[in-house]
Structures are given as C-alpha cells and as structure tokens.
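Let me begin by presenting the structure, written as structure tokens, before commenting on it.
Whatever order the structure lists ligands and atoms in, that order sets their numbers, starting from 1. Residue numbers run from 1 in the order of the sequence given.
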Amino acid sequence: TRSTRPQRLLAAVQKNATRGDPRSVVRAIDQFCRHKEWAMNVGDEKGCILDSVVSEANPTYVLELGTYCGYSTVRIASLLSPNSKLITVEFNPEYAKIARQVIAWAGLQDKIHLVEGASGDLIPKMQEMFGVKTFDLVFLDHWKDRYLPDTKLMEKCGLLRKGSILLADNVICPGTPDYLEYIRNSPQYESQYFKSHLEYTKVEDGLEKSVFLG
Ligand SMILES: O=C(NCCCCCn1ccc2cnccc21)c1cc(-c2ccc(F)cc2)cc(O)c1O
Ligand SMILES: [Mg+2]
C-alpha cells in the first residue's frame, strides 16, 4: 500500500541528514516540506523564533504537546543543557512511530521522553510519571481547541511556576481564538505575539509567548 507522508518525511531524513546531527535533520525536513510535500511542522521561519525563546529560557524541563514527526522536538532538544529533559506528547501512534525514528536519527533520544496519549489524560499524570515538579517551558502545537483547556489543567495541576513560559503555535492559522482571548486578558500572564507565517507558506501565522506570573 502507498506510504504515508510521515513515512516519506522520515525517508528524506534518512537519505539526506547525517546521523547524530540534529541541524541536518531539521534542514532535511525543511527541504522536503518546501520542495516535495507540505507538512505541519513549525517550520524554519517560526522555528527561528522557537529557537530564540528556548535559548533565552534555557529550560530544565520542557513539555511539548503535539510531536507529529519530531521536527520541533529535535529543534528544542538540540538547544537544551545536558541535564534537561523534554517530554513530548503525541496522540497518533503512527506519528509517534515516525517521530521516535527521527529523534533517534538526530541522536537526541536520551534527552527526550515521547509519551503517547491525549494531553487531557496525561497532564494530570506528569508529576507521578516523570518526577516533574513544574515545567519551565511548554510548547503547544496539538489540537487547537485543546490549548485553553490544557492550559487551565496545567494551572490546576500545579505544573506552572512563576516565570514558566507557554509558547503556542498557530494562534492565527488554524487559529486558537479562545486561548488568545483568555491568555491575553488574564492578569496571571504576560503575553507577546511574534508575527510570522504558516510553515512553508506566505499565509500569516504567529507564535504567542506567555509568561505565567503565578
Ligand atoms: O492541526 C495541527 N496540529 C495538531 C495535529 C494533531 C494533534 C493531535 N495531538 C497531538 C498530541 C495530542 C495530545 N492530546 C490530544 C491531541 C493531540 C496543525 C495544523 C496546521 C494546518 C493544517 C492545514 C492548514 F491548511 C493550515 C494549517 C498547521 C500546524 O502548524 C498545526 O500544528
Ligand atoms: Mg503547528
């Protein structure tokens, strides 16, 4: 049967990237998505904004909601200090299977925990499963109608501390209106919008960075 797009993306990584070289993995995926087949990775333009937020935060514990093929997982993990950990949540087992191989090709499997399931079920279990107290950085890139409920859930579970950073992809396209409304009007967050474009296109999109004030 015909291969899937994530399988073709993985093949492009294995063909064009160097094992153990995360930047070459990122480059191979961007080349594939720009010249062969579009895919919903955060991409190179928004990826540079992601890199700067991660580098500035220098987080010890990172949570990513929405792994897909592992593009942003590899981008983030390649910037983390030696003893830091990235926990990434993926709902779709097929995507998770591909992401594990992309992560392994990049040589970053020791920094990354990929866990399969729904964010609503897993967020309340983060402390017991991973011994995490709070997350220093959360990258939201999963179902757009889950950004708001999951943010409230993380608050309720005590997973955010004063200074924790939420970085949300796709706040314009596909859009997360209820999340934006909440986070921009909440006295508990200081938010900043980074205008950019939908990955590999000229369509407007952006990242919303919000600092939890406690
Ligand atoms: O839908 C998007 N991402 C989410 C994919 C599914 C996530 C499922 N999932 C993963 C973890 C997890 C945990 N709990 C519950 C569910 C969970 C997305 C879409 C577009 C896009 C598509 C078409 C178009 F025309 C324009 C834009 C662009 C993006 O950058 C995106 O990120
Ligand atoms: Mg996205």
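- Residues Met154 and Thr151 form a side-chain contact, since some pair of their non-hydrogen atoms from C-beta on lies under 4.5 Å apart.
- A donor-acceptor pair is defined here as one N or O able to donate and one able to accept, closer than 3.5 Å; such a pair exists between the side chain of Ser164 and the backbone of Arg161.
- Counting all heavy atoms, side chain and backbone alike, Tyr68 lies closest to Ala39 at OH-CB, 3.8 Å.
- Near Val89, the atoms of ligand 1 lying under 4.0 angstrom from a non-hydrogen atom of the residue are 11 (C), 13 (C).
- Between His142 and Tyr147, the two ring planes are parallel [angle under 30°; tilted spans 30° to 60°].
- Within Asp169, the N, O or S atom lying nearest to the Mg ion (ligand 2) carries the name OD2.
- When side chains are defined from C-beta on, Tyr179 counts as touching Leu140, because their heavy atoms get closer than 4.5 Å.
- Taking any N or O of Glu199, backbone or side chain, at least one lies under 3.5 Å from an N or O belonging to ligand 1.
- Taking 4.0 Å as the cut-off, Gly117 counts as a neighbour of ligand 1 on heavy-atom distance.
- Of the possible donor and acceptor atoms, none in the side chain of Ser81 sits under 3.5 Å from a partner among the backbone N and O of Ser84.
- Of the protein's heavy atoms, Trp38 CH2, 4.2 Å lies nearest to atom 23 (C) of ligand 1.
- Through ILVMFWY side-chain contacts below 4.5 Å, Leu213 is grouped with nothing and stands alone.
- The shortest contact between atom 8 (C) of ligand 1 and any protein heavy atom is with Trp143 NE1, 3.5 Å.
- The protein atom (non-hydrogen) at minimum distance from atom 1 (O) of ligand 1 is Lys144 CE, 3.8 Å.
- Taking the N/O/S atoms of Asp141 in turn, the shortest distance to the Mg ion (ligand 2) belongs to OD1.
- Taking backbone and side chain together, Asn170 holds an N, O or S atom under 2.8 Å from the Mg ion (ligand 2).
- For atom 12 (C) of ligand 1, a protein heavy-atom neighbour is found at a distance under 4.0 Å.
- Of all the heavy atoms of Leu198, the ones lying under 4.0 Å from any atom of ligand 1 belong exclusively to the side chain.
- Counted within 6.0 Å of CD on Glu56, heavy atoms from surrounding residues, nucleotides or ligands total 12 or fewer; the atom is thus considered open.
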Chi angles and distances behind the side chain to side chain contact (heavy atoms under 4.5 Å, CB included) call for Asp205, Asp169: CA-CA 8 Å; Asp205 189 21; Asp169 190 25; 3.8 Å; yes

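- At a heavy-atom cutoff of 4.0 Å, ligand 1 is contacted by no atom of Val42, backbone or side chain.
- Close approach of ligand 1 to Ser119 is summarised as follows: ligand atoms under 4.0 Å from at least one heavy atom of the residue are 13 (C), 14 (N), 15 (C).
- Atom 5 (C) of ligand 1 has its closest protein heavy atom at Met40 CE, 3.6 Å.
- Looking at Asp150 and Arg146, a side-chain N of the basic residue comes within less than 4.0 Å of a carboxylate O on the acidic one, giving a salt bridge.
- Ion pairing between Glu64 and Arg75 fails under the 4.0 Å rule for side-chain N and carboxylate O.
- Here the side chains of Met40 and Arg5 are not in contact, with every heavy-atom distance at 4.5 Å or above.
- Proximity to Asn170 (heavy-atom distance under 4.0 Å) selects the following atoms of ligand 1: 28 (C), 29 (C), 30 (O), 31 (C), 32 (O).
- The Mg ion (ligand 2) has no N, O or S atom of Glu199 under 2.8 Å away, backbone or side chain.
- Nearest protein neighbour of atom 17 (C) of ligand 1, counting heavy atoms only, is Phe91 CB, 3.4 Å.
- Taking 4.0 Å as the cut-off, Arg146 does not count as a neighbour of ligand 1 on heavy-atom distance.
- Of all atoms in ligand 1, numbered sequentially from 1 with element shown, those under 4.0 Å from a heavy atom of Asp169 are 30 (O).
- In this structure, atom 3 (N) of ligand 1 has a protein heavy-atom contact shorter than 4.0 Å.
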